[in-house]
Amino acid sequence: MHDIRTIRDNPEAFDAGLRRRGLAPLAAGLLEIDRRRRAAITESEQTQARRRALSKQIGVARGKGEPTEALMAEVGGLDAVQKAAEKKAADAEAELDGLLAGIPNLPDAEVPDGADERDNKEIRRIGNPRNLAFDARDHVAIGEALGLMDFAAAAKMSGARFVVLKGQLARLQRALAQFMLDLHTAPAAGPLGGYTEVDPPLLVRDNALYGTNQLPKFAEDQFRTTNGYWLIPTAEVPLTNLVNDSVVDEKDLPLRYTAWTPCFRSEAGAAGKDTRGMIRQHQFPKVEMVSITAPEQSADEHERMTGCAEEVLKRLDLPFRTVVLCSGDMGFGARKTYDIEVWLPGQNTYREISSCSNCGDFQARRMNARYRPREGKGTRFVHTLNGSGLAVGRTLIAVLENYQNGDGTVSVPAALRPYMGGSDTIGAVKG
RNA sequence: GGAUGGGUGGCCGAGCGGUUUAAGGCACCGGUCUUGAAAACCGGCGUGGGGGCAACCUCACCGUGAGUUCGAAUCUCACCCCAUCCGCCA
């Protein structure tokens with residue numbers, strides 16, 4: 001949510017930011033509504049003040065036994081005037097808020113200009129794809145050959161975009177999540193760890209989704225229960241909403257939270273896209289990281305968070321690259337976003353496995369999430385950041401495809417073996 | 001699902017038709033005192049609108065929205081939310 005006062009102070013900068021997002025200028029229209037709104041507020045409040053003064057005089061006059069008819073006559077006509085002005089103000093405010101709620105965050109100055117993902121900029125590339133002595137298979141072929149990944153069974157009970165994992169693959173997924181959580185929840189050491197593990201609700205109300213930007217604009221992408229709850233599309237929602245409508249002390253910042261949860265997405269706009277395999281599912285597990293910071297810290301925290309996500313891939317020895325999204329490809333609430341893309345030999349390409357965004361005060365404003373600065377008066381909005389650390393389902397895919405062997409088995413990355421009961425291979429015949 | 005109680009500033013909490021300019025306390029920030037700290041005392045301490053270069057002045061805001069009234073935090077209705085008890089249930 002944008003601050004109308006910021007727009008009022010610098011409408012050119014606002015429109016320039018929108019242009020970078022590929023959007024038409026809006027400042028003039030917004031400010032016109034804002035002028036109407038403020039004029040109506042002034043009118044309403046002045047009328048109200050007059051009413052109250054007269055009413056007080058009536059009370060005083062009564063106390064002295066003096067006549068009140070003249071005062072009563074004057075106050076009589078004010079009611080309708082005040083109500084009308086109040087309604088004008090409320091209507092204008094609703095109109096303004098409705099428009100503001102649908103406008104995306106503006107890109108940070110460091111974000112490269114661009115229209116879509118082709119304009120994203122790679123900023124680093126870590127690790128080298130393994131040279132396989134055989135043709136790489138994709139995760140579907142690997143998993144189904146092992147008999148541990150069953151799309152048909154999932155389709156029978158749930159339809160497309162679901163999967164059943166069994167045995168060592170189910171365990172591998174759990175191992176990955178466990179491994180990620182252990183990494184992020186370790187006591188903060190320099191650029192790693194320090195996140196508090198949270199087990200949040202998976203069903204949330206409207207106001208929570210509003211706070212993290214999914215509402216009102218992206219309702220179609222969500223699942224909703226018959227009695228009005230929403231299934232979380234990411235743990236970003238409950239984790240960020242931990243500070244909804246609250247004031248924290250600056251000394252407690254940054255707050256760092258992590259959670260391993262299923263995520264639910266209707267994939268309404270994704271018909272026909274990524275239909276094969278586990279890449280795009282209605283339900284998938286993800287380890288999410290959320291940081292709540294003071295404004296001055298958020299840029300550094302963004303780098304740190306991205307590093308935490310990258311560390312998972314480094315320790316799993318999976319090749320990846322990190323890109324900074326261009327202005328036209330960023331999500332609604334982000335001011336700057338890093339995507340981490342893992343190498344998938346089965347698809348011969350890098351695929352997104354994490355997205356780390358700095359939202360600035362955009363969500364904080366919607367949530368009314370503030371902090372009390374050490375120095376100075378009042379409260380200020382916090383900055384919120386979120387990042388996947390990582391998408392567990394896609395990490396499973398990456399392990400299968402990068403660690404596949406010629407005999408159809410899959411090696412277990414060294415870092416995961418403690419979580420796999422010491423086993424170093426999936427699909428190996430025992431004995 | 002049924003019943004009851006309740007939503008007041010960062011937190012707790014009084015107020016239940018007109019000196020409320022929303023008491024009091026806690027927390028926090030200044031100051032006095034002290035070697036320093038604590039305690040004590042003094043002062044400050046919400047958001048938004050309008051005006052002013054500014055110190056500042058002024059108006060509105062007691063979950064949300066309607067209503068009653070000359071006048072509403074206070075009365076009425078609806079809705080949202082929270083708590084407790086009962087029922088059902090992993």
Side-chain angles (χ1 to χ4, degrees), chain A residues 1-9 30-98 100-101 199 201-211 215-216 224-230 237-238 241-253 255 262 292 294 361 364-382:
Chain A
M1 178 72 98
H2 289 286
D3 183 5
I4 188 65
R5 284 174 298 178
T6 314
I7 301 173
R8 206 187 293 151
D9 290 345
L30 294 168
L31 291 180
E32 171 51 31
I33 300 168
D34 182 49
R35 265 191 294 279
R36 263 167 37 217
R37 171 179 146 268
R38 287 187 297 154
I41 287 172
T42 303
E43 187 190 354
S44 159
E45 291 187 347
Q46 282 175 352
T47 313
Q48 173 76 339
R50 182 67 188 146
R51 267 174 82 187
R52 299 198 115 186
L54 288 168
S55 293
K56 190 167 268 183
Q57 287 177 41
I58 290 171
V60 171
R62 287 230 175 129
K64 294 182 186 162
E66 291 169 356
T68 58
E69 287 75 15
L71 294 167
M72 302 270 275
E74 184 178 354
V75 86
L78 261 41
D79 185 62
V81 177
Q82 201 260 326
K83 287 254 156 49
E86 206 170 55
K87 178 155 173 28
K88 259 194 288 181
D91 287 350
E93 178 158 1
E95 186 181 355
L96 188 62
D97 284 351
L100 287 174
D199 187 4
L202 307 181
L203 299 175
V204 298
R205 287 201 278 247
D206 291 7
N207 78 303
L209 279 193
Y210 180 82
L215 290 180
R224 193 169 201 200
T225 69
T226 51
N227 52 353
Y229 288 114
W230 301 91
V237 175
N241 273 284
L242 285 172
V243 294
N244 188 309
D245 196 30
S246 67
V247 180
V248 299
D249 281 334
E250 183 172 11
K251 66 176 164 50
D252 296 327
L253 298 176
L255 294 170
I292 311 295
D361 63 5
R365 211 174 280 288
R366 289 171 164 247
M367 290 191 300
N368 193 28
R370 295 158 293 161
Y371 75 98
R372 192 172 294 285
R374 278 194 199 85
E375 318 256 316
K377 285 197 216 173
T379 57
R380 298 171 69 197
F381 289 112
V382 296

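Computed from heavy atoms alone, side chains included, the values below leave out hydrogens, waters and symmetry copies. Note on naming: letters A, B, ... go to the chains in the order of the sequence lines (proteins, then strands), and numbering restarts at 1 for each one.
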What does the list of N/O pairs under 3.5 Å between the protein and nucleotides 86-90 of chain B look like, with a distance for each?
none

Under 3.5 Å, which protein N or O atoms sit close to an N or O of nucleotides 56-63 of chain B? Give each pair with its distance.
| residue | atom | partner | partner atom | Å |
| --- | --- | --- | --- | --- |
| B:C59 | O2' | A:Glu45 | O | 3.4 |
| B:C59 | O2 | A:Glu45 | OE1 | 3.2 |
| B:C61 | OP2 | A:Arg52 | NH1 | 3.2 |

Taking only N/O atoms, report every protein-nucleotides 51-54 of chain B pair under 3.5 Å with atom names and distance.
none

Atom pairs under 3.5 Å, N or O on each side, protein against nucleotides 79-83 of chain B: can you list them with distances?
| residue | atom | partner | partner atom | Å |
| --- | --- | --- | --- | --- |
| B:C81 | O3' | A:Arg205 | NH2 | 2.7 |
| B:C82 | OP1 | A:Arg205 | NH1 | 3.4 |
| B:C82 | OP1 | A:Arg205 | NH2 | 2.8 |

**Request:** Verify side chain to side chain contact (heavy atoms under 4.5 Å, CB included) between A:Met367 and A:Asp245, making sure each step is shown before the conclusion.
**Result:** CA-CA 6 Å; A:Met367 290 191 300; A:Asp245 196 30; over 6 Å; no
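By the side-chain contact (heavy atoms from CB on, under 4.5 Å) test, A:Asp206 is found to be paired with A:Leu215, A:Arg224, A:Trp230, residues two or more places apart in sequence or in another chain being considered.
Nucleotides B:C45 and B:G30 have their P atoms positioned 15 Å apart, rounded to a whole Å. Between the P atoms of B:U32 and B:A72, the separation comes to 46 Å (whole Å).
Summarising the geometry of A:Val382 relative to A:Ala364, their closest heavy-atom pair is O-CB, 3.2 Å, with the distance given to 0.1 Å.
When the shell of 6.0 Å around CG of A:Asp199 is examined, it contains 12 or fewer heavy atoms from other residues, nucleotides or ligands. The environment of OH in A:Tyr229 is sparse: at most 12 heavy-atom neighbours from other residues, nucleotides or ligands sit within 6.0 Å.
Within the 3.5 Å criterion, the main-chain N or O of A:Arg5 finds a donor-acceptor partner in the side chain of A:Asp3. Not a single donor-acceptor pair under 3.5 Å links the side chain of A:Arg372 to the backbone N or O of A:Arg380. Put simply, the side chain of A:Asp34 never gets that close to the backbone of A:Leu30: no donor and acceptor are under 3.5 Å apart.
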**Complete:** Symbol by symbol from the 5' end, with Watson-Crick or G-U pairs under 3.5 Å, [ ] crossing and | another strand, RNA chain B is ((((((((.[[[..)..(.....]]].(((((.......))))).((((((....)))))).[[[[[..)....]]]]])))))))....
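Minimum atom distance to the side chain of A:Met72 is reached by B:C70, of the listed B:G10, B:C70, B:G49.
Residue A:Arg5 has a polar side-chain atom (N or O) positioned under 4.0 Å from OP1 or OP2 of B:G48.
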